[in-house]
Amino acid sequence: MESEPPRVLVIFPGALGDLICLMPALGAIRARHRAADVALIAKAELARFAVGRMSIDRAYSIDRREVSLLFNSAPESLMEARRFFGLFDRIYSFLAFSDSGYRHNLERAGGSVSFHRFRPDGDGHVSAGYLHELSETGAHDAAYPALTVLDSDLDAAAAILRARSLTQNRFVLMLPGSGSPAKNWPAGAFANLAARLDMPSLVVLGPAEAGLDQFFAAHSVPIAKELELSTLAGLARMAAIFVGNDSGVSHLAAAAGACGVVMFGPTDPARWRPLGDVKVLTREPIDTIEVAEVAAAVDRIKRAVNSS
């Protein structure tokens, strides 16, 4: 009878942008365990999205009971946790690096375990920090694995475009949100940019930007709201270019293969910029970045793409 493949588990607590930055490290883990079944414990939406797109075969929510039991010292809790974590031959944990109790319990519950910092030390890009945590070296940009965009992602994106009379490779994807208002280029600037470009735009709004739908509608800019990450990946792959803030969705768009312009304000692009074919514009405060400057960057990228 054929033996089952080794089972590898990665535990990661971060948000979307963090997970995208982890992709080179996930690729390195996959390269180390080519025949293994690789699972990810992360926020439920991110874990599901990673399957089949980020060197991940299986997904679990970080909210599952067995994870919380690792922070409990009761013997019965460890026994229950062992029934799950004991299924894995190798575990890479980026959770609770400094928590000795958690580390002790996971080592007792699982197989071979290593612990890594969620936010690695150092001044370089965070993706290089994750590779360093795994004792991997080399140029992280050159080794950056592209996100796999599935046919179902493209089908969902195509339906969005048809409903708004937009055409693949003939629209600009605009991502005006982020995790912090201080990191957002003004919505009015996005609307002004859309008005001066020579192709139509599509604005994608998440839950935090729900109040902007009427604003963009008043400026005759098509919108799509609260999309699945898979659909957003498909839209990025189909876009001519994207324009976004320092945000997880900008990381996602770049990882999906889109070229783009990303605005940075209070954070350091050397550490947090999206990897890929991205032009970074940075100024503090972020609203001092001029619309004309962004439009010029978009035009330069379009000319470079058209001439290639």
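We use all heavy atoms of the structure for the numbers below, so side chains are in, but hydrogens, waters and symmetry mates are not. Start at 1 with the first residue, then count along the sequence.
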Task: Residue pairs involving residues 245-272 (criterion salt bridge (charged side-chain N to carboxylate O under 4.0 Å, His left out); sequence neighbours excluded) - done: Lys183-Asp246
So do the side chains of [X] and [Y] get within less than 4.5 Å of each other, counting heavy atoms only?
X: Val126; Y: Pro120; result: yes
X: Tyr130; Y: Pro24; result: no
X: Leu161; Y: Leu235; result: yes
X: Val204; Y: Val249; result: no

Closest contact, heavy atoms only, [X] versus [Y]:
X: Pro6; Y: Asp89; result: CA-OD2, 3.4 Å
X: Val294; Y: Met263; result: CG2-SD, 4.1 Å
X: Ala254; Y: Val278; result: CB-CG2, 3.7 Å
X: Ala239; Y: Leu173; result: CB-CB, 3.9 Å
X: Leu40; Y: Ala50; result: CD2-CB, 3.7 Å
X: Gly260; Y: Ile301; result: O-CD1, 3.4 Å

Open item on the list: If only side-chain N and O atoms count, and only distance matters, is there a donor-acceptor pair under 3.5 Å linking Ser114 with Arg90?
Closed with: yes
May I have the list of side-chain donor-acceptor pairs in residues 30-38 shorter than 3.5 Å, sequence neighbours left out?
| unit_1 | atom_1 | unit_2 | atom_2 | d |
| --- | --- | --- | --- | --- |
| Arg30 | NH1 | Ala36 | O | 2.9 |
| Arg30 | NH2 | Ser55 | O | 3.3 |
| Arg30 | NH2 | Asp57 | OD1 | 3.2 |
| Arg30 | NH2 | Asp57 | OD2 | 2.6 |
| Arg32 | NE | Glu136 | OE2 | 3.2 |
| Arg32 | NH1 | Tyr92 | OH | 3.4 |
| Arg32 | NH2 | Leu134 | O | 2.2 |
| Arg32 | NH2 | Glu136 | OE2 | 3.3 |
| His33 | NE2 | Tyr92 | OH | 2.7 |
| Asp37 | OD1 | Arg58 | NE | 3.2 |
| Asp37 | OD2 | Arg58 | NH2 | 2.7 |

How long is the gap from [atom1] on [X] to [atom2] on [Y], to the nearest 0.5 Å?
X: Ile241; Y: Arg300; atom1: CD1; atom2: CZ; answer: 10.5 Å
X: Leu22; Y: Glu133; atom1: CG; atom2: CD; answer: 10.5 Å
X: Asn105; Y: Ser100; atom1: CG; atom2: OG; answer: 9.5 Å
X: Glu293; Y: Arg283; atom1: CD; atom2: CZ; answer: 4.0 Å
X: Gln214; Y: Leu212; atom1: CD; atom2: CG; answer: 10.0 Å
X: Glu66; Y: Asp63; atom1: CD; atom2: CG; answer: 12.0 Å

Task: CD (Glu284) with more than 12 external heavy atoms under 6.0 Å - done: yes
Task: Pairs flagged by side-chain hydrogen bond (donor to acceptor under 3.5 Å, both in side chains) wherever residues 189-212 is involved - sequence neighbours left out - done: Asp198-Lys302
Open item on the list: For residues 224-237, which residue pairs pass the side-chain hydrogen bond (donor to acceptor under 3.5 Å, both in side chains) check, not counting sequence neighbours?
Closed with: Asp213-Lys225
When you group the ILVMFWY residues by side-chain heavy-atom contacts below 4.5 Å and let the links chain together, are [Y] and [X] in the same group?
X: Val291; Y: Val203; value: yes
X: Leu197; Y: Met238; value: no
X: Leu46; Y: Phe12; value: yes
X: Leu16; Y: Val51; value: yes
X: Ile160; Y: Val221; value: no

Please enumerate all residues that pass side chain to side chain contact (heavy atoms under 4.5 Å, CB included) together with [X], with sequence neighbours excluded.
X: Asp155; result: none
X: Ala253; result: Leu175, Ala236, Phe242
X: Pro181; result: none
X: Asn184; result: Ser178, Asn245

Can any side-chain N or O of [X] pair as donor or acceptor with the backbone N or O of [Y] at less than 3.5 Å?
X: His251; Y: Asp18; answer: no
X: Arg82; Y: Arg108; answer: yes
X: Arg164; Y: Ile223; answer: yes

- [ ] Kindly write out the residues that satisfy ring-ring contact (aromatic ring centres under 6.0 Å, His included) with His219, not counting sequence neighbours, or none if the list is empty.
- [x] Phe215
Open item on the list: What verdict does the side chain to side chain contact (heavy atoms under 4.5 Å, CB included) test give for Leu193 and Met174, after you've listed the backbone C-alpha separation in whole Å, the side-chain angles of each residue and the deciding distance to 0.1 Å?
Closed with: CA-CA 10 Å; Leu193 177 66; Met174 293 196 174; 3.7 Å; yes
- [ ] Determine which pairs satisfy ring-ring contact (aromatic ring centres under 6.0 Å, His included) with at least one residue from residues 151-186, sequence neighbours left out, and list them in order.
- [x] Trp185-Phe190
Open item on the list: Running the 4.5 Å side-chain criterion over Ile, Leu, Val, Met, Phe, Trp and Tyr, what cluster does Leu150 land in, apart from itself?
Closed with: none
Task: Residues clustered with Leu95, ILVMFWY side-chain links under 4.5 angstrom - done: Leu9, Ile11, Ile41, Tyr60, Ile62, Val67, Leu70, Phe71, Phe84, Phe85, Leu87, Phe88, Ile91, Phe97, Tyr102, Leu106, Val113, Phe115
- [ ] Determine, stepwise, if the pair Leu147 / Met54 fulfils side chain to side chain contact (heavy atoms under 4.5 Å, CB included).
- [x] CA-CA 6 Å; Leu147 184 76; Met54 295 186 188; 3.7 Å; yes
